[in-house]
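All remarks here apply to the structure that follows.
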Amino acid sequence: MSPSVYDTAQVLRILGPRDNDTSVVEWLLEQQAEDGGWGDAAFPLHRDIPTLSAVLALRGFREQAHVADAIQAGLAFLRAQAPLWADLVVDELPVAAEILLPSLLKELGEEGDLPREPYAKLMALGERKQRIIAKLPMRAGVPWIHVWETWGAEPLASLMDGAGSIGHSASATAAWIKAAEGRPELESFVQRGQDYLRQSMRSTGMEQPGLVPVGAPHTYFEQSFVLYGLLMAGLLDEPALAEPVRAVLGDLMRALGPHGIGMSDYFLQDGDDTSAVVAVMHALGLPADAALLRRFQKDDHFIAYPGEMNSSPTLTARCVHALRMLGETDGLEPFHQYLIARQEPSGRWSTDKWNRSWLYATFHSVIGLVGSAHTAPVLKALEAVLCAQSEEGGWSSVGEPNMTETSYAVLMLGYLERHGVHHAGITRALDRASQWMMRQYSPFTGREGKVKCWISKELYRMERIDSAFELSALLMLRRRG
């Protein structure tokens with residue numbers, strides 16, 4: 001996974017100076033944009049959380065070169081950003097922003113003369129979320145302790161999961177370790193937490209110590225989404241992939257229980273991973289129970305976890321797709337209407353909880369509608385994707401075409417083609433995309449400069465999943481001829 005500015009800064013700030021602090025501070029400074037903020041400038045609301053955390057961490061290193069200037073530039077950026085939060089749309093919130101931002105603003109205090117009025121709606125949402133969390137069970141591996149660093153106080157040993165983490169979060173784990181200082185009875189748990197942080201650093205694939213991701217481990221998230229990508233490409237029957245597919249599916253089936261499957265052995269089951277696994281199992285001729293999916297139904301959509309405030313069209317679409325594969329077509333209309341209501345006049349779906357790319361959201365939403373009576377939204381989305389293809393042959397939601405988002409568009413077009421949607425533009429678009437992707441294909445390049453589409457406390461990249469989608473699209477194009 002890509003290293004996280006937010007979590008790296010939080011671990012640095014919470015646990016205090018260490019041997020590698022100079023290099024981590026330098027890394028944080030290198031990530032700062034020219035406008036003073038941290039994060040992708042094309043997605044403003046995803047920038048406040050990493051910027052605030054970086055500013056807070058850097059305050060402890062003001063004596064180092066350029067740090068004071070970086071802090072002032074970061075504060076100026078936050079003042080300019082503040083008005084964006086006045087007209088808050090809940091479904092556009094970064095994950096856990098209603099908890100994280102109020103906490104970070106409180107830590108900042110009066111420094112920087114940052115106005116609080118624009119955050120009033122967000123603060124109210126945060127208070128509401130705190131009340132929701134207070135009613136939920138407090139135990140290891142539940143998503144609401146993924147943000148334990150914002151509200152946790154008592155370092156209960158029962159909160160530490162089998163991975164040695166608090167909520168699969170480096171920030172939450174660091175905060176728990178800090179709270180456990182001076183408690184001899186927790187010494188062994190502190191050591192496990194320290195081991196988890198070291199393992200998290202390795203999961204970024206970076207050689208620089210001190211850099212951590214937004215969360216880890218994500219074992220079953222990786223495995224389930226890689227297989228689902230193959231399913232979307234029509235490649236689960238590819239002979240060369242038979243052995244590894246069987247091995248990965250074996251891992252997933254061993255982990256699948258009566259409540260579904262989570263991102264790892266130590267995290268709460270969720271609708272996203274469960275729907276992907278159920279769909280793949282059925283596609284490979286294995287029995288799968290629709291009741292696993294119905295557990296995640298909430299009114300007219302599906303959820304990943306209890307207590308969520310903003311919904312996800314892509315998760316809902318994946319559950320609908322899996323149910324349709326199982327022959328469970330009765331009662332799907334409310335979910336179809338949920339998806340249709342979120343389609344924009346342009347034909348796109350642009351907002352999702354877990355991925356910032358409109359191409360990803362549109363791809364999955366279309367999959368949820370294919371096979372229903374609602375052909376007009378599908379054709380409208382098809383036109384939107386075809387019109388968005390660049391002259392070079394690739395796609396991107398912002399900026400130059402990139403392999404990851406091009407794979408989303410290619411997989412959607414290929415899926416429609418295989419499922420009887422006839423449009424002359426599909427063939428032309430896929431032929432152009434094939435040429436562009438082959439020119440761009442470079443399997444051993446580093447991750448620097450690659451797009452970050454996944455949403456958590458900040459935008460991040462899941463290298464194996466993203467690469468698998470890209471490779472699935474390429475192989476699908478090759479098989480297609």
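Note that these values count all heavy atoms, side chains included, but never hydrogens, waters or copies made by symmetry.
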Candidates D113, L108, L114 - the one meeting side chain to side chain contact (heavy atoms under 4.5 Å, CB included) with E111: L108
Over all atoms of both residues, closest heavy-atom pair of G215 and H218: O-CE1, 3.0 Å
E400 atom CD, neighbour heavy-atom count above 12 within 6.0 Å: no
side-chain hydrogen bond (donor to acceptor under 3.5 Å, both in side chains) assessment of D273 paired with S224: CA-CA 6 Å; D273 295 311; S224 62; 3.1 Å; yes
D195 and Q191: side chain donor to acceptor below 3.5 Å: yes
More than 12 heavy atoms of other groups within 6.0 Å of R79 CZ: yes
Candidate pair K298 and E308, rule salt bridge (Lys or Arg N to Asp or Glu O under 4.0 Å), full reasoning: CA-CA 10 Å; K298 181 181 180 183; E308 290 181 333; over 6 Å; no
Residues E470, T404; criterion side-chain hydrogen bond (donor to acceptor under 3.5 Å, both in side chains); working and verdict: CA-CA 6 Å; E470 295 166 12; T404 300; 2.5 Å; yes
Short side-chain donor-acceptor distance under 3.5 Å, D352 and S312: yes
H46 versus D40, side-chain donor and acceptor atoms under 3.5 Å: no
Pair D251, Q223: side-chain N/O donor-acceptor within cut-off below 3.5 Å: yes
Pair S397-E405, side-chain hydrogen bond (donor to acceptor under 3.5 Å, both in side chains): steps then yes or no: CA-CA 7 Å; S397 52; E405 291 185 283; 2.6 Å; yes
Summary of side-chain hydrogen bond (donor to acceptor under 3.5 Å, both in side chains) pairs that have at least one residue in residues 177-188, sequence neighbours excluded: E154-R183, R183-E185
All pairs passing side-chain hydrogen bond (donor to acceptor under 3.5 Å, both in side chains) where residues 123-139 contributes a residue, at least two apart: E98-K129
Close side-chain approach of Y196 and I166, heavy atoms under 4.5 Å: no
Check: T274 side chain, I261 main-chain N or O, donor-acceptor pair, under 3.5 Å: yes
W454, W354, W349 screened by ring pair (Phe, Tyr, Trp, His ring centres under 6.0 Å) with Y360, the one that passes: W454
Stepwise salt bridge (Lys or Arg N to Asp or Glu O under 4.0 Å) test for R47 and E458: CA-CA 7 Å; R47 303 186 69 194; E458 65 183 281; over 6 Å; no
Full working for side chain to side chain contact (heavy atoms under 4.5 Å, CB included) between F469 and D466: CA-CA 5 Å; F469 271 75; D466 294 333; 5.7 Å; no
Between D69 and Q72: side-chain donor-acceptor atoms closer than 3.5 Å: no
Contact summary for A174 and L15, nearest pair of heavy atoms: O-CD2, 3.4 Å
Flag for K457-S169: side-chain donor and acceptor within less than 3.5 Å: yes
Heavy-atom check, side chain of L93 versus side chain of W85, under 4.5 Å: yes
